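Worksheet for the structure shown next.
Below, each value reflects all heavy atoms present in this structure, side chains not excepted, and no hydrogens, waters or symmetry copies. Just so we're clear, the structure is a prediction, and the values are computed from it rather than from any experiment.
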Amino acid sequence: MTALGRTLAFALLLGMILLGYGAAVHPMLAGGPETQLRTIAETPHWRTMHLLMLAGSGLIIAGVWVRLLTDRSAVGVQSSASGSQGFNAPLLAALALVGLGLAINALNIAFMAGAGTHMAEEFAAGRTGVAPLFDATHPIGLVAARFGNFIVALGALALGWVESQDPSRPRWLAWLAWAAAAGGFFGVIFFNEASRVALAAVALLSGWELATAVLALRSPGLSRQAS
C-alpha cells in the first residue's frame, strides 16, 4: 500500500474517532438561550471538544477519498489514450457530495467553538444581554448542519449505488451507505434541526467510513492503482 493510501485511510479512522468522541460527550442544550449559555459556560471542555470535532470533520473530508484509490469497478471512464481505467465519475460525485455536506455541517461546530464559546463567557461574566443575540444566531448554525446532513444523505445514496455496481466490493457496503442515506433523509425531513436525529446522516455514514478504511488498509491492490 502506498503512503498516500495509508495516510488517507488512517485520516478517515482518526477523523471518525475525533468527531464521534465529540458527539458522544457533547451535553444536550435544552431550555431557553439563558439555560443553554449557562450549560456551555459550565462545560470546561466546550471549545476543545468542538475544535476536535472540527479536526475530525476535516480528516474525514480528506480521508473518504481513499475510496477512489481502491476503485476497481466497471463504471470508471476508460482513458482513450492508454485504454486504462480512468476515474469513476459517479464515485467522484458521491465523494464530493459527502465532503461538501460534512463541510457545511461543520459550520455549526465552528459557530459553537467560536461565537458560542465567546457569548457563554460573556453571559457567565454577567452580560446577560448576549442571550437574545445567541438566540437569534444559533439557529443559523443549526439550519446549516441540517442542510449539510441532507447533502451527506444525497452523497450516501450515490455511494450506495456505486458500491452496488462494483463486483469487487462486498454487497453490504452498499447497504451501509443506503442506511445512512435513509436515516439521514428521515432525520432531516421529520425532525427539527435542534434534534440530534437531524444529524443522522453524518452519524450513520460512519459505518461505511469504518468499513472503507479497514478494507483499504487490507487491500493488496491499492499500491498498484495509486502508483
Can you list the residues that meet the side-chain contact (heavy atoms from CB on, under 4.5 Å) rule with Ala93, with sequence neighbours excluded? none
Kindly write out the residues that satisfy side chain to side chain donor-acceptor pair (under 3.5 Å) with His138, not counting sequence neighbours, or none if the list is empty. none
Using only atom types and a distance under 3.5 Å, with no angle test, would you say the side chain of Thr48 pairs donor to acceptor with the backbone of His45? no
Pro170: what forms a side-chain contact (heavy atoms from CB on, under 4.5 Å) with it, not counting sequence neighbours? Trp172, Leu173, Leu215
Are Leu92 and Trp65 side-chain neighbours, meaning at least one heavy-atom pair lies under 4.5 Å? yes
What I'd like to find out is whether the side chain of Leu210 reaches to under 4.5 Å of the side chain of Met16, using heavy atoms alone. yes
With sequence neighbours excluded, give me every salt bridge (charged side-chain N to carboxylate O under 4.0 Å, His left out) pair touching residues 44-60. none
Please confirm whether Phe185 and Phe190 have ring centers closer than 6.0 angstrom. no
Quick note, salt bridge (charged side-chain N to carboxylate O under 4.0 Å, His left out) partners involving residues 169-189, not counting sequence neighbours, are Glu163-Arg169
Run Phe10 and Leu217 through side chain to side chain contact (heavy atoms under 4.5 Å, CB included) and show every step you take. CA-CA 8 Å; Phe10 282 120; Leu217 290 170; 4.0 Å; yes
Val64 side chain near Trp208 side chain, heavy-atom distance below 4.5 Å: yes
One should read off an interatomic distance between Met112 CE and Leu51 CG, to the nearest 0.5 angstrom, of 13.5 Å
Listed once per pair and sorted, the side chain to side chain donor-acceptor pair (under 3.5 Å) pairs that draw on residues 148-160, sequence neighbours left out: Asn105-Asn149
Kindly indicate whether the side chain of Leu97, heavy atoms from C-beta on, has any atom under 4.5 Å from the side chain of Val152. no
Suppose the criterion is salt bridge (charged side-chain N to carboxylate O under 4.0 Å, His left out): which pairs have a residue in residues 184-207, not counting sequence neighbours? Arg146-Glu193
Of all pairs that satisfy side chain to side chain donor-acceptor pair (under 3.5 Å), the ones with a partner from residues 15-30, not counting sequence neighbours: His26-His50
So Leu8 and Leu12, do their side chains get closer than 4.5 Å, heavy atoms only? no
Side chain to side chain donor-acceptor pair (under 3.5 Å) pairs touching residues 116-134, sequence neighbours excluded, are Glu122-Arg127
Tell me the salt bridge (charged side-chain N to carboxylate O under 4.0 Å, His left out) pairs involving residues 27-37, sequence neighbours left out? none
Return the set of residues passing side-chain contact (heavy atoms from CB on, under 4.5 Å) with Leu133 (not counting sequence neighbours), or none when no residue passes. Met119, Thr137
Close side-chain approach of Ile109 and Leu19, heavy atoms under 4.5 Å: yes
Taking only residues at least two apart or on different chains, which pairs with a member in residues 89-102 satisfy side chain to side chain donor-acceptor pair (under 3.5 Å)? none
Other residues, nucleotides and ligands only: do more than 12 of their heavy atoms fall within 6.0 Å of CH2 on Trp175? no
So do the side chains of Leu91 and Leu159 get within less than 4.5 Å of each other, counting heavy atoms only? yes
Is there a side-chain contact between Phe123 and Ile40, using heavy atoms and a 4.5 Å cut-off? no
Using only atom types and a distance under 3.5 Å, with no angle test, would you say the side chain of Ser195 pairs donor to acceptor with the backbone of Val197? yes
Taking all non-hydrogen atoms of both residues, which atom of Leu37 and which atom of Ala131 are closest, and how far apart? CD1-CA, 3.7 Å
